[in-house]
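Taking it in order: structure first as structure tokens, then the write-up.
Chain A is the first sequence line, chain B the second, and so forth, proteins listed ahead of strands; every chain is numbered from 1. Below, each value reflects all heavy atoms present in this structure, side chains not excepted, and no hydrogens, waters or symmetry copies.
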Number of protein chains: 2
Amino acid sequence: MKYCSDCGAPVGLRIPQGDNRERHVCDLCGTIHYQNPKVVVGCIPEWEDKILLCRRAIQPRHGLWTLPAGFMERGETTREGAARETLEEANARVEIGALYSLFNLPHIDQVYMLFRARLLDLDFSPGEESLEVRLFAESEIPWDVLAFQTIRETLDLYFKDRRRGRQGAMYSGDIIRALDGEQPRVHVTIHEDQA
Amino acid sequence: MKYCSDCGAPVGLRIPQGDNRERHVCDLCGTIHYQNPKVVVGCIPEWEDKILLCRRAIQPRHGLWTLPAGFMERGETTREGAARETLEEANARVEIGALYSLFNLPHIDQVYMLFRARLLDLDFSPGEESLEVRLFAESEIPWDVLAFQTIRETLDLYFKDRRRGRQGAMYSGDIIRALDGEQPRVHVTIHEDQA
Ligand SMILES: [Zn+2]
Ligand SMILES: [Zn+2]
């Protein structure tokens, strides 16, 4: 951010009064421009023992497989966003269920929320952002060509739960990328589910 | 948003190619400026049978009581944000536990996430944004002067759970404000916890 989105004057980095971190502050009108993490919402669309994945037609990770997910928009709820992304990327209608995984990615300022979902019919097809959309049994999951670590962790938890017959779990975790450029170090915290 | 934060030129509302909703797009450099919901993180600090509340020294809802919570910042996780807000507003140290409630407020583009937390000591005091900080037993909760609907709903669920001896629950809900200016219509969805 170099210019004020309210008046067009240059902004500078300063710590506003009563605050404790640097913000972009307008030199002319004084507006403080806050920047905050973004929420990514998506789901695990289930049909019998299979789940729906999309192969990405866009960057980043063009050509790799992912669960339908994308940035939450203004004016919608997290569940509405997850359903909208599934419709856009896979032309698929789902009933969104419980929150399944929540991942923090502080190095890119994203919070991922993935819900369980029931695919309502088999009339799906690639949306504009997908090359291909299909159902996968556990044995068919393309683990080596998944697009994102959040998706890999979520599917790993999901199929482990299914093998154990565990239902109703919810996981939250942090994906912390090491500053030295190594492989990301992943810390998965399991939500204590004592019901 | 009236001006491009990258180059200072005016922006217009247009639907970018491949998109399906209006965005602020720069007339000069072409940058698309996305606007997304913000995450509010906070916690329910527990000490024996009491919880910690803060009385707000700032607008909105000056003088009313709330759980420690505030906007998630860049570079932190949701749990780190919840602990930071508790330190800032109540000078209190907590160990953040499981996610307890998640509320969507689409009319103001916020997603609230409140965690259970263990207060680590009794050395708390009002931060700059608080007039007063104290522990409340259930019978002392100031229901009539709570600052936000999200806090009221969360505390209501929390004490109901405690009375029933229910642990490990997690709730997600939407607080939908009616367009006609009536009282907000609240829809609370209970996360199906079948573990
Ligand atoms: Zn300005
Ligand atoms: Zn521009």
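Interface remark: A/Glu128 contributes side-chain atoms only to the contact with chain B (heavy atom separation under 4.5 Å). Heavy atoms closer than 4.5 Å to chain A are found nowhere in B/Arg116, neither backbone nor side chain. Heavy atoms of A/Glu80 lying under 4.5 Å from chain B are absent altogether. Neither the backbone nor the side chain of A/Arg164 comes within less than 4.5 Å of any heavy atom of chain B. If you measure heavy-atom distances from A/Leu102 to chain B, the contacts under 4.5 Å come from the side chain alone.
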Start with the C-alpha distance between A/Arg79 and B/Asn104, add both sets of side-chain angles, then the distance that settles side chain to side chain contact (heavy atoms under 4.5 Å, CB included), and finish with yes or no.
-> CA-CA 9 Å; A/Arg79 281 184 166 80; B/Asn104 290 283; 5.6 Å; no
Given side chain to side chain contact (heavy atoms under 4.5 Å, CB included), test A/His107 with B/Arg74 step by step and report yes or no.
-> CA-CA 8 Å; A/His107 60 291; B/Arg74 297 180 73 171; over 6 Å; no
Residues B/Asp6, A/Met1; criterion side chain to side chain contact (heavy atoms under 4.5 Å, CB included); working and verdict | CA-CA 6 Å; B/Asp6 283 4; A/Met1 163 163 264; 5.9 Å; no
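Here the shortest heavy-atom pairing between A/Gly75 and B/Asp109 reads N-OD1, 2.6 Å.
Residues B/Ile44 and B/Leu120 fall into different hydrophobic clusters, defined by Ile, Leu, Val, Met, Phe, Trp and Tyr side chains chained together at heavy-atom separations under 4.5 Å. Grouping the Ile, Leu, Val, Met, Phe, Trp and Tyr side chains by contacts below 4.5 angstrom, directly or via other members, places B/Ile58 apart from B/Val133. Cluster membership for A/Leu53 and A/Phe159, using ILVMFWY side-chain heavy atoms within less than 4.5 angstrom, is shared. In terms of hydrophobic clustering, with Ile, Leu, Val, Met, Phe, Trp and Tyr side chains grouped at heavy-atom distances under 4.5 Å, B/Phe136 and B/Val145 are assigned to a common cluster. Hydrophobic clustering (ILVMFWY, side-chain heavy atoms < 4.5 Å, transitive): A/Phe148 and A/Phe71 are in one cluster.
One finds the OH atom of A/Tyr3 at 7.5 Å from the SG atom of B/Cys7 (value rounded to the nearest 0.5 Å). Between B/Leu99 atom CG and A/Leu99 atom CG the span is 7.0 Å, to the nearest 0.5 Å.
Of all residues in residues 28-39 of chain B, those placing a non-hydrogen atom less than 4.5 angstrom from a non-hydrogen atom of chain A are B/Tyr34, B/Gln35, B/Asn36, B/Pro37, B/Lys38, B/Val39.
The salt bridge (Lys or Arg N to Asp or Glu O under 4.0 Å) check on A/Glu129 picks up nothing, with sequence neighbours excluded.
Between chain B and the options A/Lys2, A/Arg21, A/His24, A/Gln110, heavy-atom pairs under 4.5 Å are most frequent for A/Arg21. In terms of heavy-atom pairs under 4.5 angstrom with chain B, the leader among A/Ser5, A/Pro106, A/Gly97 is A/Ser5.
Crowding of B/Asp144 atom CG: a count of heavy atoms from other residues, nucleotides or ligands under 6.0 Å not exceeding 12.
Side-chain N/O atoms of A/Glu88 and B/Asn20 include a donor and acceptor closer than 3.5 Å.
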